[in-house]
Amino acid sequence: MKIAVLPGDGIGTEIVAEAVKVLEALDLAFEMETALVGGAAYEAHGHPLPESTLKLAMASDAVLFGAVGDWKYDKLDRPLRPEQAILGLRKHMGLFANFRPAICYPELVGASSLKPEVIAGLDILIIRELTGDIYFGQPRGRRTAVDGHFPGAEEAFDTMRYSKPEIERIAHVAFQAARKRNKKVTSVDKANVLETFQFWKDVVTEVHAQYPDVELEHMYVDNAAMQLVRAPKKFDVVVTGNMFGDILSDEASMLTGSIGMLPSASLNTRNQGLYEPSHGSAPDIAGKGIANPLATILSAAMMLRFSLNQADAAARIEAAVAHVLASGLRTVDIWSEGTTKVGTREMGDAVVKAITKTITKG
Ligand code: IPM
Ligand code: MG
């Protein structure tokens, strides 16, 4: 088993180091190889996703990814910006299915900006289509408008599009995931306005015929954004397109107390996967040793379960994280009165310690 470790930029290097420590503590037989990605790769090789990094990722069973991006690259041509690294990995590895679970740990109920009764016991799964939609649709660019409100003016445009097989395969992923949970899928669209998402709704409905044991509900994205903060526990599995999924998953992160808690898995048809925290590179706190490594550590657990066939080891990591939270340790993003504030490294060390304890206990 081979894991490509791509820490990236900003807090990426700090949080990935903690996840690697946790993986090493499990004493499993896998090889880890680290490579540069994002702004760090641009600095060293002139490209955010160098050929060598892409090759390593493609040849691995799984990729453990930190984060990419920094404001200082905002002026670069788009193909050279750090974000292109993660978009390129998703595209080249065919990582179409993005799993973003939002679970509210009982100890973190107070860390959210929402009322405790709204989020206590929350366990939802956002499944975001990751290789289509307006993110990848062609054509896109800038040009002189020939029509519209201001003919002759400079304009920019992107293309929102989904093919039937793209919608079908993500719908199957969602229905199958729901079967292992509470058997309910909410498909989020904007069918009242967009052709692409009327088609999305039609195709999801068609696929649903094969899953009579799963309940399907359709919801417009604006309503979904509201329901997520009004009554999030009504959801089980949410399936949606690339852009709506990007936005709703950031919103859902707040239901868990902090975006620093949200892991993610991105899978292709061969179960090869890329695992990353849902948060970004947070350049404002990079290098300060205060970032929350738990989203990345929990992403490593998802990696063990989905791509490396090590469900027991994954459960051990998850139990260790729950144990550490129960013991009162908190990074600053989830800190509240009466708990103990720790830095990135102490949090990682505590998870390692909790794992080692369960191993010696057998
Ligand atoms: C995410 C991020 C990325 C996205 C960016 C960094 C390209 O926001 O993974 O949610 O928009 O998909
Ligand atoms: Mg995002």
Side-chain angles (χ1 to χ4, degrees), residues 6-13 15-16 36-42 47-49 53-54 57 63-74 76-102 124-137 140 158-160 162 166 170 188 221 224-225 228 238-256 258-268 273-284 286 291-292 295-296 298-299 302-303 333:
L6 310 181
D9 307 322
I11 60 171
T13 48
I15 54 179
V16 166
L36 294 175
V37 76
Y42 172 76
H47 196 279
L49 183 57
T53 301
L54 180 59
V63 177
L64 183 63
F65 192 90
V68 290
D70 192 310
W71 302 301
K72 70 181 174 207
Y73 304 116
D74 282 358
L76 287 176
D77 284 345
R78 186 168 301 281
L80 295 178
R81 290 195 207 162
E83 290 78 9
Q84 293 304 309
I86 185 66
L87 295 174
L89 284 165
R90 289 170 184 171
K91 179 174 163 183
H92 289 292
M93 295 176 74
L95 305 168
F96 73 96
N98 183 217
F99 292 74
R100 297 191 166 185
I124 65 176
L125 173 62
I126 297 186
I127 297 184
R128 168 187 176 195
E129 199 292 329
L130 204 57
T131 50
D133 204 350
I134 199 164
Y135 267 58
F136 291 96
R140 55 187 281 163
D158 297 275
T159 303
M160 177 177 274
Y162 265 123
E166 282 178 297
I170 197 72
V188 172
V221 62
L228 262 180
V238 174
V239 64
T240 190
N242 205 346
M243 184 158 71
F244 297 159
D246 177 45
I247 299 164
L248 293 181
S249 61
D250 260 36
E251 187 188 4
S253 73
M254 266 303 117
L255 309 170
T256 71
S258 163
I259 195 164
M261 294 299 301
L262 217 70
S264 84
S266 306
L267 296 173
N268 62 21
L274 182 146
Y275 299 83
E276 54 172 334
S278 289
H279 60 70
S281 53
D284 52 329
N292 185 347
T296 316
L298 291 168
S299 300
M302 290 182 91
M303 170 175 84
D333 56 309

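If you're wondering where the values come from, they're calculated on a predicted model, not measured in any experiment. All values below were derived from every heavy atom in this structure, side-chain atoms included, with hydrogens, water molecules and symmetry-related copies excluded. Indexing begins at 1, ligand by ligand and atom by atom, following the structure's order.
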(message) At a threshold of 2.8 Å, where the distance has to be below it, does the Mg ion (ligand 2) have an N, O or S atom of Asp246 nearby?
(response)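 Coordinating: yes.
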
To check your reading of the model: name the closest protein heavy atom to [atom], its residue, and the distance in Å.
atom                    : result
atom 6 (C) of ligand 1  : Glu83 CG, 3.9 Å
atom 11 (O) of ligand 1 : Tyr135 OH, 2.5 Å
atom 1 (C) of ligand 1  : Arg100 NH2, 3.4 Å

(request) Return the option from Asn242, Asp246, Leu87 holding the heavy atom at the smallest distance from atom 8 (O) of ligand 1. (result)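 It is Asp246 whose heavy atom sits nearest to atom 8 (O) of ligand 1.
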
(message) If you take the nearest heavy atom of each of His279, Met243, Arg90, Arg81, which one is closest to atom 12 (O) of ligand 1?
(response)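 The option holding the nearest heavy atom is Arg90.
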
(request) Please indicate whether any nitrogen or oxygen in Arg128 is less than 3.5 Å from any nitrogen or oxygen in ligand 1. (result)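 Looking only at distances, the answer is yes, because the N/O contact criterion of under 3.5 Å is met.
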
(message) Taking distance alone, with N or O pairs closer than 3.5 Å, would you say Glu276 contacts ligand 1?
(response)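 N/O-N/O distance below 3.5 Å does not exist for this pair.
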
(request) State, without any angle test, whether Thr131 and Glu129 hold a side-chain donor-acceptor pair at a distance under 3.5 Å. (result)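 Yes.
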
(message) Between Tyr73 and Glu83, is there a side-chain donor-acceptor contact under 3.5 Å, judged purely by atom types and distance?
(response)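 Checked: Glu83/Tyr73 side chains show no N/O donor-acceptor pair below 3.5 Å.
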
Backbone of [Y] reached by a side-chain donor or acceptor of [X] within 3.5 Å:
X      : Y      : answer
Asp133 : Met243 : yes
Asn98  : Ser264 : no
Asp158 : Ile134 : no

(message) Nearest 0.5 angstrom please: Leu36 CG to Leu49 CG, how far?
(response)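 Here the interatomic distance stands at 11.5 Å.
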
